[in-house]
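Since we're looking at a predicted model, the values are computed, not measured.
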Amino acid sequence: MQQDRHSIRSFARAARLLLTTALALTCLSAAAAAQNTQIAATPPMGWNSWNHFACKVSDAVVRAAADEIASNGMKQAGYIYVNIDDCWQGKRDAQGMIQANAKFPDMKALGDYIHSKGLKFGIYSSPGPKTCANYEGSYQHETQDAQQYANWGVDYLKYDWCSAAHVYKPEQITEVYKKMHDALAATGRPIVFSLCEYGFKSVWHWGASIGGNSWRTTDDISDNWNSMSAIGFAQNGLEKFAGPGHWNDPDMLEVGNGKMNHNEYLTHMTLWCLLSAPLLAGNDLSKMTPETLATLTNPEIIALDQDTRGAQAHRISEEGPYEVWTKPLADGSAAVGLFNRGEDTEKISVQLKDIGMLGSVTVRDLWAKKDLGKFNGTFSADVPSHGVVAVRIHP
Ligand code: GLA
């Protein structure tokens with residue numbers, strides 16, 4: 001018995017030592033951490049090709065997206081990154097430098113074009129030999145790939161685990177991601193580093209320590225209510241891991257892709273902004289309705305996502321399908337989302353003491369863009385099925 005206790009204690013000591021050493025090896029220097037915070041002080045915003053175009057992406061598709069963002073008000077609303085997802089890769093040249101495939105005749109020229117619009121350029125790879133769509137990955141070419149991205153003027157890399165599972169052990173994942181972070185840093189170009197490994201190995205615990213600016217917390221989203229709501233409403237509890245420079249990423253937006261109704265897209269947009277999620281529009285911007293554009297660009301909703309305090313929302317009440325979430329904001333006000341996951345309109349309330357507000361408060365409806373007046377103790381609103389009432393409450 002005595003001996004058992006002794007060996008448990010020495011095992012615990014050895015495990016602690018191993019953990020401390022591993023953390024010391026994987027953590028960033030203070031300067032690197034500060035630079036990391038600067039490049040994603042608030043959650044990155046932009047557009048990504050995957051949700052709508054998947055492998056039908058091309059130079060023309062990406063230029064058209066940049067044209068739209070620069071001229072339709074999205075750029076003013078904060079959407080800056082124009083990101084190519086999977087399926088751009090061609091072969092490596094004789095020196096091992098990655099080349100784009102025939103759909104992207106000149107990556108440097110494409111980067112220049114995006115930059116000429118005052119926007120930034122994003123790209124995608126995998127630490128494995130192949131990407132999820134079976135294109136060339138960065139395995140054993142990390143330094144060269146980072147250099148090539150810098151040559152092309154890349155400002156954002158989404159790095160997707162995919163086939164890395166075939167060549168690495170699960171516990172190597174932190175060093176694998178750190179390797180690409182360091183390769184990017186060595187180029188001297190600030191590049192947002194977006195980890196995509198679907199929440200594997202509780203990435204929120206270590207993503208920031210290896211230089212990740214964001215990390216996917218879930219499997220892929222699809223354009224339907226069940227997928228979006230299951231992902232969005234499951235984020236409660238992760239709020240302690242997000243902050244300036246490092247964000248939880250519940251995946252890209254499906255707003256405007258057509259398979260959810262207007263209230264469902266309002267829920268999607270509101271929830272993602274409350275969650276301080278990266279906002280990467282994933283629709284065809286050249287065929288967007290005015291309603292979709294308005295959903296994506298409401299400045300008062302985006303202000304919640306881009307709030308400088310960087311506090312991710314959490315749930316304060318849940319009664320069956322009715323949920324109330326709140327996010328504290330830099331100016332001392334609080335955002336509140338009253339969400340109805342049920343099938344009929346319902347009156348939903350927030351107890352103001354639950355957001356730390358005693359006495360009289362003022363309430364503004366952020367989708368109606370209307371001041372609702374003063375309230376004391378409780379605020380209630382009728383919320384349509386699958387919809388949301390989003391308010392900002394000032395003490
Ligand atoms: C994975 C990612 C998606 C997308 C595809 C591309 O599924 O999670 O976001 O990048 O790969 O193949």
- If you draw a 6.0 Å radius around CG in Asp93, do more than 12 non-hydrogen atoms from other residues or ligands fall strictly inside? yes
- Query: Under 4.5 Å between any side-chain heavy atoms of Glu254 and Ile221, yes or no?
  - Reply: yes
- Item | CD/Glu171: more than 12 non-hydrogen atoms of other groups inside 6.0 Å | yes
- Trace of the side-chain contact (heavy atoms from CB on, under 4.5 Å) decision for Asp86 with Tyr135: CA-CA 8 Å; Asp86 207 346; Tyr135 286 72; 4.1 Å; yes
- Can you find a side-chain donor-acceptor pair between Asp160 and Tyr124 that sits under 3.5 Å? yes
- Test log, rule ring pair (Phe, Tyr, Trp, His ring centres under 6.0 Å), inputs Tyr159 and Tyr177: CA-CA 8 Å; Tyr159 205 43; Tyr177 274 95; 5.6 Å; yes
- Task: Check the side chains of Thr378 and Ser349 for a donor-acceptor pair under 3.5 angstrom, ignoring hydrogens and angles.
- Result: no
- Identify which one of Arg341, His268, Glu343 satisfies the side-chain hydrogen bond (donor to acceptor under 3.5 Å, both in side chains) criterion when paired with His386. Glu343
- Task: Tell me, please, whether Tyr198 has Arg216 positioned over its six-membered ring: NZ or CZ under 6.0 Å from the ring centre and within 45 degrees of its axis?
- Result: no
- Message: My understanding is that only residues two or more places apart in sequence, or in another chain, count here; which of them pass ring pair (Phe, Tyr, Trp, His ring centres under 6.0 Å) with His205?
- Response: Phe241
- Between Gln148 and Asn151, does a side-chain hydrogen bond (donor to acceptor under 3.5 Å, both in side chains) hold up when you go through it step by step? CA-CA 5 Å; Gln148 185 71 308; Asn151 297 343; 3.1 Å; yes
- Task: Give every residue pair that meets the disulfide (SG to SG under 2.5 Å) criterion with at least one member in residues 38-87, sequence neighbours excluded.
- Result: Cys55-Cys87
- Can you check whether Glu136's main-chain N or O pairs, donor with acceptor, with Thr131's side chain at less than 3.5 Å? no
- Identify whether the distance between the nearest side-chain nitrogen and carboxylate oxygen of Lys117 and Asp112 falls below 4.0 Å. no
- Message: Below 30° counts as parallel, above 60° as perpendicular, anything between as tilted: where do the rings of His115 and Phe121 land?
- Response: perpendicular
- Kindly check if the number of other-residue, nucleotide or ligand heavy atoms within 6.0 Å of NZ (Lys130) is above 12? yes
- Is a salt bridge present between Asp85 and Lys158, judged by a nitrogen-to-oxygen distance below 4.0 Å? yes
- Is Glu239 reaching over with its side chain to a backbone N or O of Gly237, donor-acceptor style, under 3.5 angstrom? yes
- Message: With side-chain contact (heavy atoms from CB on, under 4.5 Å) as the criterion, how do Asp382 and Glu346 come out once you've worked through the C-alpha distance, each side chain's angles and the decisive distance to 0.1 Å?
- Response: CA-CA 5 Å; Asp382 289 330; Glu346 177 72 22; over 6 Å; no
- Query: Taking Phe379 as the fixed residue, which of Val361, Val336, Leu338 is the one that meets the side-chain contact (heavy atoms from CB on, under 4.5 Å) rule?
  - Reply: Leu338
- Item | Audit row: Lys178, Leu28, side-chain contact (heavy atoms from CB on, under 4.5 Å) steps and yes/no | CA-CA 9 Å; Lys178 172 90 167 21; Leu28 301 185; 4.1 Å; yes
- Task: Could you tell me whether the side chain of Ser29 and the main chain of Ala32 form a donor-acceptor pair under 3.5 Å?
- Result: yes
- Item | Donor on one side chain, acceptor on other, Thr289 and Thr292, under 3.5 Å | yes
- Query: Is any NZ, NE, NH1 or NH2 atom of the basic residue among Glu300 and Arg364 found under 4.0 Å from an Asp or Glu carboxylate oxygen of the other?
  - Reply: yes
- Trace of the side-chain hydrogen bond (donor to acceptor under 3.5 Å, both in side chains) decision for Asn283 with Tyr265: CA-CA 12 Å; Asn283 56 321; Tyr265 284 137; over 6 Å; no
- Message: Tell me whether Trp47 shares a hydrophobic cluster with Phe104, the cluster being built from Ile, Leu, Val, Met, Phe, Trp, Tyr side chains joined at under 4.5 Å.
- Response: yes
- Item | Tyr139 ring center near Tyr168 ring center (under 6.0 Å) | yes
- With no hydrogens and no angle check, do the side chains of Gln312 and Asn248 hold a donor and an acceptor under 3.5 Å apart? yes
- Query: Can Phe375 be reached from Val350 by stepping across I, L, V, M, F, W or Y side chains whose heavy atoms are under 4.5 Å apart?
  - Reply: yes
- Transitively linked via ILVMFWY side-chain contacts under 4.5 Å: Trp272 with Trp204? yes
- Task: In plain terms, say whether Glu318 and Arg315 are close enough for a salt bridge, that is, a side-chain N and a carboxylate O under 4.0 Å apart.
- Result: yes
- Who passes ring pair (Phe, Tyr, Trp, His ring centres under 6.0 Å) against Trp88, sequence neighbours left out? Trp152
- Taking 4.0 angstrom as the limit, do Asp365 and Lys369 come out as a salt bridge? no
